[in-house]
Structure formats: structure tokens, C-alpha cells
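What follows is one structure encoded as C-alpha cells, with my remarks underneath.
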Amino acid sequence: MPELPEVETIRGQLAPLVQGRTLARMEILDSRWSRPLAPQELSSALEGRRVLALERRGKYLLWRFAGEAYLAQHLRMTGSVLLDPRPEPLHTRVRLAFEPAQKLAIVDPRRFGTGELLLGEPAMEAFFAARLGLEPLQEGFTAEHLREIARGRLGPIKAFLLDQRQIAGVGNIYADEALFRARIHPRRPAGRLSREQYALLRDSIVEALRAGIDAKGASIDDFRHVDGVKGAFQDRFLVHLRAGEPCVRCGTTIVKLVVAGRGTYVCERCQPRPRLRRAARRGDGASRPARPRR
DNA sequence: CGCCCTGTTGGGGA
DNA sequence: ATCCCCAACAGGGC
């Protein structure tokens, strides 16, 4: 019998455990988890249905049930899906029982995680279309694509990378890593990079994702929270959480900033700060002439 | 011991 | 379009 590690969620291993089984009982212990319906109604909608497949969409876990019923589950920061953990963890939010017998628990100390019921394929596709851009490892994720979706955007490139509607699946650690590898400062306006920088950034995003997969000994479709980023990621992630340490490339001390409301680590020599852009003001006629867009 | 800060995320309101 | 704050909890620094 396959075993799931105690404290990790691995879709790649989870899927074979539930596919083809019927969800016999679903107990939602935290009403916050359940969307858009109340827990009782959401469980009723899914109980008795067979699980056709379990997929990953960006950072969502997508459960496909018979009859075009779907559950878009998000683990947020501290969620995990455990295989029949005993004793039951303190922060168990949902209990799932399948037939033939199989039990899972959705555990989430911080209670940010959610389960969204979607009825009908169009509703399901619309849900993701509204929230997720291209996956970095998908065919069309090219430098040109990146340049096009960033065109005209003046917000910081880091915020842009974290925006799931632009690119699906890039998280805070990955964004820092990709920008470091591409030697781009996180505060650079997203739409103002050179063609070469978009190309480098595109490759760096892919590299960062591969580094993460590698560090975890996982596959791209796995969800796995590593126990302590500082431990498992240290060798492959070159800037994140390294404030005070020397940059591996130039020796300059890594500093921590806050960009897009997230802790952001940067080597300000390898990743030069953008020139301060002055707000256009009346009487500021001496400033450089506006460059034509496009 | 208590207080304060931080965080693998995303959404809503300003 | 963008920014700020919030959700709720644990763990670390002081």
C-alpha cells in the first residue's frame, strides 16, 4: 500500500490513491474553508460522486468528480493533504472518506486554505481562466509572450511575477530566485525591460522552477511543502532568506526589501536598482522628455 | 513570560 | 492599474 509522508502533500502520489474511488463522506470542520456554499451543502453536492481525476492548475489542486462537479482546492501557505493521519492532527479542517476504503485529511493550521465547488465544465474553466495565466513550462511561455503581457505595466516586475493571472504558479521564493538569476532588480517596472532581459527572465523562471522541483525530489505536478526553506532549498536557491550573506556571484551583501508586500531578497550590485522615476509635476519642465510609447 | 514581527497566498476595498 | 491590508496561527527574537 502506498504511503504518503507524514507531513507532505504530493499530488503525484495522491492521485492514484483516490482516482476511481467514490467520495463516501466529506466532513468540513471549518466553515471558512468551503466556497461558495456552506459546508453542509458543499459536501452534499460531492458525496456519492466518483473521483475521475486529480490535477494541478497553478497552485490549485483540481478534483474532477463524475457529473461535471469539480473542487478547486487551494492549500495557501500551510495546508496539506494527509493520508489517514493518526492521531488526527490538531488543525484538521476536512475529513474525506472514500469507497473502497481510503481516508484523507486536509490539515491547515493557518486556515487560509479553501475548497471551491464548481458545477459544470464551463464554470470550472471560467474560474481558472479568470485566475491563471500560462504555466512557465507550457509551450507558449516564450520571451516574446512575457514581453507582451508585461507591456505598458509600470508596477514592479516582482509583483508582476507573483500575479497568478499573468503567470501561473510562481511564488515568492521563485520570483526572487528568477530575478536574481536574470540580474533584474525586483522593483524595475515590469513593462520596461529590454528584449534581452525578458528572454533571460523567461529562462530564469524556468530554471528556478526546475531548481525547486529538484530540491524537493519531486515532479512538476507535485505539491510538497518543504520542511524549512532554509534547509532543503539552501543549495539551489541563491538569494531567498540570505540577507547578510555574501552574494554567490560578487560577494556583495544580500539585502532584504519589501516589494509587493512580500519579503524580497536581492543583491543590489548584480541587480541594480532602477533609476528613481520622478512623478511628473507641474513646473517640472526641465525633466527629460517623455519617450513615445510603443 | 509577553510582545512584536514575520510568513510557501490571494482577495477585496481604497 | 496599483497599493495596502486582511484572513489566523506558529515560531523566533528580544
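Every heavy atom of this structure was used, including side-chain atoms; hydrogens, water molecules and symmetry mates were not. Letters go in sequence order (proteins before strands), and every chain restarts at 1.
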Open item on the list: I'd like to check the side chain to side chain contact (heavy atoms under 4.5 Å, CB included) partners of A:Pro89; sequence neighbours left out, ordered by chain and number.
Closed with: A:Leu82, A:Pro85, A:Thr92, A:Val107
Task: Sequence neighbours excluded, every pair satisfying ring-ring contact (aromatic ring centres under 6.0 Å, His included) that has a member inside residues 139-170 of chain A - done: none
Side-chain polar contacts of residues 39-48 of chain A - donor-acceptor pairs under 3.5 angstrom, sequence neighbours left out - could you list them?
| residue | atom | partner | partner atom | Å |
| --- | --- | --- | --- | --- |
| A:Gln40 | OE1 | A:Ser44 | OG | 3.4 |
| A:Glu41 | OE1 | A:Ala38 | N | 3.3 |
| A:Ser43 | OG | A:Met26 | O | 3.4 |
| A:Ser43 | OG | A:Pro39 | O | 2.6 |
| A:Ser44 | OG | A:Gln40 | O | 2.8 |
| A:Glu47 | OE2 | A:Met26 | N | 2.8 |

Just distance, no hydrogens or angles: give the donor-acceptor pairs under 3.5 Å from side chains in residues 112-125 of chain A, sequence neighbours left out.
| residue | atom | partner | partner atom | Å |
| --- | --- | --- | --- | --- |
| A:Glu125 | OE1 | A:Arg57 | NH1 | 3.2 |
| A:Glu125 | OE2 | A:Arg57 | NH2 | 3.3 |

Open item on the list: Strictly distance-based, threshold 3.5 Å: is any side-chain N or O of A:Asp222 a donor or acceptor partner for the main-chain N or O of A:Ser219?
Closed with: yes
Open item on the list: Side-chain N or O of A:Arg111 versus OP1/OP2 of C:dC9: is the shortest distance under 4.0 Å?
Closed with: yes
Task: Test item: A:Arg147 side-chain N/O and A:Leu193 main-chain N/O as donor-acceptor pair under 3.5 Å - done: no
Task: Integer angstrom distance from the P of C:dC6 to that of B:dC4 - done: 15 Å
TODO: Please state the C1' separation for the pair C:dC3 and B:dT8 - nearest whole angstrom.
DONE: 22 Å
Task: Aromatic stack A:Phe112/B:dG10: centroid gap under 5.5 Å, interplanar angle under 30° - done: no
- [ ] Measure the distance from CD1 on A:Ile173 to P on B:dT6 and round it to the nearest whole Å.
- [x] 17 Å
TODO: Using whole Å, report how far CG of A:Leu257 lies from C1' of B:dT6.
DONE: 16 Å
Open item on the list: Between A:Arg11 (side chain only) and A:Leu54 (backbone N and O only), is there a donor and an acceptor less than 3.5 Å apart?
Closed with: yes
TODO: For A:Arg165, enumerate each residue passing the side chain to side chain contact (heavy atoms under 4.5 Å, CB included) test, keeping only those at least two apart in sequence or located in another chain.
DONE: A:Asp163
TODO: Write down the distance between CE (A:Met77) and P (B:dT8), rounded to a whole number of angstrom.
DONE: 5 Å
Task: Atom-pair distance (CG on A:Leu241; C1' on B:dG7), nearest Å - done: 10 Å
- [ ] Apply side chain to side chain donor-acceptor pair (under 3.5 Å) to A:Arg56 and list each qualifying residue two or more places apart in sequence or on a separate chain.
- [x] A:Glu135, A:Asp221
Open item on the list: With a 4.0 Å limit, can you tell me whether A:His240 has a side-chain N or O closer than that to the phosphate oxygens OP1/OP2 of B:dT8?
Closed with: yes
Task: Shared hydrophobic cluster for A:Val248 and A:Leu241 (ILVMFWY, side-chain gaps under 4.5 Å) - done: yes
Open item on the list: Rounded to whole Å, please give me the gap between CD in A:Gln166 and C1' in B:dG10.
Closed with: 14 Å
- [ ] Locate the shortest heavy-atom distance separating A:Arg93 from A:Asp108; write the atom from each residue and the value.
- [x] NE-O, 2.9 Å
- [ ] Whole angstrom is fine here: how far is it from NE2 in A:His74 over to P in C:dA7?
- [x] 19 Å
Interface polar pairs with nucleotides 10-13 of chain C, N/O, under 3.5 angstrom:
| residue | atom | partner | partner atom | Å |
| --- | --- | --- | --- | --- |
| C:dA10 | OP1 | A:His91 | NE2 | 3.0 |

Open item on the list: Could you tell me how far apart A:Leu162 (CG) and B:dG11 (C1') are, to the nearest whole angstrom?
Closed with: 15 Å
Task: B:dT9 phosphate, OP1 or OP2, under 4.0 Å from A:Gln164 side-chain N/O - done: no
For residues 167-177 of chain A, run the donor-acceptor check on the side chains, cut-off 3.5 Å, and write out each pair with its distance to 0.1 Å, sequence neighbours left out.
| residue | atom | partner | partner atom | Å |
| --- | --- | --- | --- | --- |
| A:Asn172 | OD1 | A:Lys158 | NZ | 2.6 |
| A:Asn172 | ND2 | A:Gly263 | O | 3.2 |
| A:Asp176 | OD1 | A:Lys158 | NZ | 2.6 |
| A:Asp176 | OD2 | A:His240 | ND1 | 3.0 |
| A:Asp176 | OD2 | A:Tyr265 | N | 3.0 |
| A:Glu177 | OE1 | A:Leu238 | N | 2.8 |
| A:Glu177 | OE2 | A:Arg181 | NE | 2.9 |
| A:Glu177 | OE2 | A:Arg181 | NH2 | 3.1 |
| A:Glu177 | OE2 | A:Leu238 | N | 3.3 |

- [ ] If a pair satisfies ring-ring contact (aromatic ring centres under 6.0 Å, His included) and one of its residues is in residues 45-74 of chain A, list it, with sequence neighbours excluded.
- [x] A:Tyr60-A:His74, A:Tyr60-A:Phe127, A:Tyr60-A:Phe128
TODO: Please tell me which of A:Lys256 and A:Tyr60 maps to the more 5' nucleotide of DNA chain B, matching each residue to the nucleotide holding its nearest heavy atom.
DONE: A:Lys256
Task: Any donor-acceptor N/O pair, A:Arg21 side chain to A:Leu17 backbone, under 3.5 Å - done: yes
- [ ] Take the protein atom CD of A:Gln73 and the nucleotide atom P of B:dG10, then report the distance between them rounded to whole Å.
- [x] 14 Å
- [ ] Strictly below 4.0 Å, heavy-atom distances to any atom of DNA chain C: list the hits from residues 113-137 of chain A, or just say none.
- [x] none
List every contact pair, protein side and nucleotides 1-5 of chain C side both N or O, where the distance is under 3.5 Å.
| residue | atom | partner | partner atom | Å |
| --- | --- | --- | --- | --- |
| C:dT2 | OP1 | A:Leu154 | N | 2.8 |
| C:dT2 | OP1 | A:Gly155 | N | 2.9 |

Task: Dot-bracket notation for DNA chain B, counting Watson-Crick and G-U pairs under 3.5 Å, with | for partners on another strand - done: .||||||.||||||
- [ ] Check whether any side-chain N or O of A:Arg153 sits under 3.5 Å from a backbone N or O of A:Arg192 as a donor-acceptor pair, and report yes or no.
- [x] no
Task: Phosphate OP1/OP2 of B:dG10 contacted by A:Lys59 side-chain N/O (<4.0 Å) - done: yes
